[in-house]
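Data first, discussion second: the structure below is written as C-alpha cells.
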Amino acid sequence: MSYEAFQLLSRGGVTFDKSKPEAVLFSKHKDTKHNGKISPKLQTGEIPLELDFFKYAQNNQGKRKKDNSDSSPGKRRKTDRDEDDEEDIEVLAHETESRKPATSHKIAAKGANIPPFIESFGALQNYEKYAVPHHIFSNLKSSGYLEPTGVQTACIPIILKDRDLVAISPTGTGKTLAYLLPLFAKLNTPAASSELPAGVRALVVVPTRELAHQIHNECLKLAQGRKWKIVLFSKASANALSHKAARDKVDIIISTPLRLVAALQEGNLEFTNVQHIVLDEADRMLDAEFMNQIQEIVGACNRSRVQKAFFSATLPAGAEKLAMDMLEDPIRIVVGLKDTPLPLIAQSLTYVADDPSKLPSLLTYLAQPYNPPVLIFTSTQTRATSLAEELVLIGISNVDCLHAGLSHKEREDAVSRMRRGESWVMITTEVMARGMDFKGVREVINYDFPMTVQSYVHRIGRTGRAGREGKAVTFFTDEDAPYLKMIANVILQSGFTVPEWITKLPKPSKMKRRQMGKIKRPDAVNPARSIGRRDAIKQR
DNA sequence: TCGCTTT
C-alpha cells in the first residue's frame, strides 16, 4: 500500500457521525385516487403508491461522500447512469407527501382466493375482521412503523386468513414484521393468560443465531405491554423449558433449526400444539444442510392443520419446488423482481487481478472518504480473521471481525459493537450475509467473490435498507471468471454498468467446464485476453 | 460448486 494511504489511515482518515439516527421514520402517504380500489384485481398490475415500500424513503441524513477518485485497478468511472440514479435518490429522499416514487414496484400474487391487500395498519384495527390485539398498534407506532411496506400489505392479510404462503421481497423491505404482526393476531392471547390448549404455538426458524437474536428483539417490541412469552431458543432457554409447566406458557419460539432438533430428540420439547411455522431465509433453510432438520421439525408439528409461511429475498426454482411441496394450497407473493437487489444499492465491479492485489485495492478504497461502518465479506473464516489482523497491523481504526468460528460471546460482542457504531470496518463471512439489519451500513465490499447470485443479493442487501441508499463494491480476480458473468448480469439487470468485456464472456457453463478440467490460463494481466481464449475452450 | 451455517 502507498505511504500516503498508510498516513491517512493511521491518523484516522475517516469521520463517523455517531449521532446518525438508527430509527427510520415512515412517511404518511396517501394517494386518494387509489383508495378503496385495493383488491386482488391488481395482483399483477402496478402497485398503488400507498402500497409501495419506496414511499418511506425519506431518510436522507448522511448522504454518502462522493468517491470519484478511486484509482483501484479496473475501477470504472462513474457513468451517466450512476449520476442519474443519484439524482433520483436525491429527489426521492426529499419527497415527503405527494411525489411519485422514482421506481415502480409490482406485487405479483398467485394462488386461489387471495385475500385483499391491506391499505394501512389502521385498516387492521377492525377487530371483528382481523383480530389484531390492540396493544400491537401502539407498539407499532412507538417502534416507528407508520405504514406497511409492499410485502406487508400483501402478506399480513394472507397469514391472518391462515393461508400457506411463499413470499419473496427484496432485502430490507420489512419481511420480519410481515410475519410477526399477523402471528400475534393469530395467537390472539398470551398463553400465560388464557385457558387455551397449552404448548408452543408458533415457530420462527432462521439460519443463524444472530438473525434469531435480531428477530427476537423485533418480536419483543411488538409484545410490549402484555404477558407474551417469546423465547430465543438456546441451550439455556432449552433447559429452562425442560419442565412442561414452563413450556405451556411459551407463545413463540425463535430458533436455528439444529437447536430445535436437539431439544426434540432430548424430549425437552414437543410441537404438538404448534399452529404456525415461519421459515425466514427460506431458500437457505431448504438447502441440503438444513433440509433434514427442517423436515424433522415440520414433521414434529403434528396438528391436523399447521400454517406455514416461507420468506426470502431470493428463491431459486429448485428451492421453490421444495417449498411448494411442503405447502397446502399456497399463495405466492413476489414483490419487485425475484433474485434482484434493490435499485437503491449502487453496484459496481472492481478488477483486482489476483488475490495478493486485493489488500492494496482495499487499502486504496479505505483511503478514500467512505461511510462507516463498511461491511466486508470474505469466503472463509480464516480469510476473515487474517484480513482483520492485517488491517489492524496496518493501523486502521476500529476493525472488527465476525464469523461462526468465534465463541458465542465473541459473536454477540461483535454484533453489539456493530449496533453501537463502534465498528468502522467489519470483516465477516456468509454468517452475516442474510437478514441482519445494521441500519447504519451504507457500504458493502465483496472482498471475495460470491459463489451464487443468492449470496451476492443477500450480501449487498446488508445496505440500502428501509429505503436508504447504499453502495456495493465487488472485487473480482481472474480466478472468479467462471462466476463473473452471472453476477454481472444481476448488476446489469439492476440498471448499473459493468466493463463491456465481461458481457462478452462465454457462458458460465463453459468456463466452469474449463475450470474443472484444470486448464490454467497463463498469468493473465489483461482480463480482455480471456475473451480471445474462447476458441481454445471450444476445441475441448 | 465452494465453504458457509446449524447442538
Side-chain angles (χ1 to χ4, degrees), chain A residues 203-215 232-242 253-269 279-298 300 312 314 316 318-319 355 375-387 401-408 411 414-415 427-436 446-459 462 476-477 479-487 507-518:
Chain A
L203 297 177
V204 177
V205 188
V206 299
T208 64
R209 194 178 291 139
E210 283 76 14
L211 187 52
H213 199 297
Q214 177 181 294
I215 293 166
L232 174 60
F233 211 51
S234 63
K235 201 154 210 170
S237 59
N239 287 333
L241 295 186
S242 60
I253 287 182
I254 300 156
S255 179
T256 50
L258 197 49
R259 184 66 257 173
L260 287 179
V261 169
L264 279 174
Q265 289 173 351
E266 289 160 10
N268 284 337
L269 205 54
L279 296 193
D280 205 344
E281 308 301 341
D283 52 338
R284 181 74 181 98
M285 304 315 296
L286 298 173
D287 269 359
E289 302 98 317
F290 281 126
M291 191 56 178
N292 286 343
Q293 299 162 27
I294 294 302
Q295 278 173 335
E296 187 155 352
I297 291 162
V298 171
S312 186
T314 55
D355 196 58
L375 203 51
I376 300 178
F377 284 97
T378 61
S379 59
T380 68
Q381 296 178 0
T382 320
R383 285 175 60 78
T385 304
S386 58
L387 178 59
C401 182
L402 174 46
H403 57 69
L406 304 176
S407 73
H408 298 185
R411 287 170 67 167
V415 171
I427 321 288
T428 190
T429 62
E430 288 295 312
V431 74
M432 285 289 104
R434 284 175 177 261
M436 294 308 293
N446 286 313
Y447 189 80
D448 292 332
F449 206 75
M451 305 291 282
T452 63
V453 167
Q454 289 75 32
S455 166
Y456 177 74
V457 169
H458 286 278
R459 283 177 178 193
R462 292 322 94 209
F476 69 98
T477 66
E479 288 185 353
D480 299 319
Y483 307 96
L484 185 54
K485 196 171 185 181
M486 68 182 183
I487 302 299
K507 287 251 167 68
S509 60
K510 281 180 186 167
M511 299 297 291
K512 276 184 193 171
R513 238 182 293 156
R514 182 181 69 177
Q515 193 191 38
M516 286 161 78
K518 290 198 173 35

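The sequence lines fix the lettering, A, B, ..., with proteins before strands; numbering per chain opens at 1.
- Heavy atoms of R411(A) sit under 4.0 angstrom from primed sugar atoms or phosphate atoms, though from no base atom.
- At whole-Å resolution of the value, CE in M432(A) and P in dT5(B) are 9 Å apart.
- Here the side chain of R259(A) is nearest to one of dT1(B), dT7(B), dC4(B), namely dT7(B).
- Counting to the nearest Å, the P atom of dC4(B) and the CD atom of Q454(A) are 18 Å from each other.
- As rounded to whole Å, 16 Å separates atom C1' of dG3(B) from atom CZ of F449(A).
- Between the P atom of dT6(B) and the CG atom of D287(A) lies a distance of 14 Å, rounded to the nearest Å.
- Closest to the side chain of T208(A), from the set dT1(B), dT5(B), dG3(B), is dT5(B).
- Rounded to an integer number of Å, the gap from F377(A) CZ to dG3(B) C1' is 15 Å.
- Between R434(A) atom CZ and dT6(B) atom P there is a gap of 14 Å when expressed in whole angstrom units.
- Using a 4.0 Å heavy-atom cutoff across all strands shown, Q265(A) reaches no nucleic acid atom at all.
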side-chain contact (heavy atoms from CB on, under 4.5 Å) for V261(A) and I297(A)? Distances and angles first, verdict last.
CA-CA 6 Å; V261(A) 169; I297(A) 291 162; 4.0 Å; yes
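- The residue P207(A) sits close only to the backbone: its heavy atoms come under 4.0 Å of sugar-phosphate atoms, none of a base.
- If you check dT5(B), dT1(B), dT7(B) against the side chain of L258(A), the one that comes closest is dT7(B).
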Before giving the answer on side chain to side chain donor-acceptor pair (under 3.5 Å), spell out for N239(A) and S242(A) the whole-Å C-alpha distance, their side-chain angles and the decisive distance to 0.1 Å.
CA-CA 5 Å; N239(A) 287 333; S242(A) 60; 5.6 Å; no
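- In this structure, H408(A) and T382(A) both approach DNA chain B, and ranking their closest nucleotides by distance from the 5' end singles out T382(A).
- At dC2(B), none of the side-chain N or O atoms of T452(A) fall inside 4.0 Å of OP1 or OP2 (strictly under the cut-off).
- Between the side chain of Q293(A) and the base of dT6(B), a donor-acceptor pair under 3.5 Å is found.
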Given the rule in the salt bridge (charged side-chain N to carboxylate O under 4.0 Å, His left out) test, do R459(A) and D448(A) qualify, once you have shown the distances and angles that lead to the verdict?
CA-CA 11 Å; R459(A) 283 177 178 193; D448(A) 292 332; over 6 Å; no
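- Of all non-hydrogen atoms in Q214(A) and G435(A), the two that sit nearest each other are NE2-O, 2.9 Å.
- Of all nucleotides listed (dT6(B), dT1(B), dC4(B)), dT1(B) comes nearest to the side chain of M451(A).
- Atom CD in Q381(A) sits about 12 Å away from atom C1' in dT6(B), given to the nearest Å.
- R209(A) comes within 4.0 angstrom of the backbone, heavy atoms only, and of no base.
- Closest to the side chain of Y483(A), out of dT1(B), dT5(B), dT7(B), is dT1(B).
- In this structure, L279(A) places its CG atom 14 Å from C1' of dT6(B), rounding to the nearest Å.
- A heavy-atom distance below 4.5 Å is found between the side chains of E289(A) and R284(A).
- A donor atom on one side chain and an acceptor atom on the other are found under 3.5 Å apart for S237(A) and S234(A).
- Below the 3.5 angstrom threshold, one finds a donor paired with an acceptor across the side chain of R284(A) and the base of dC4(B).
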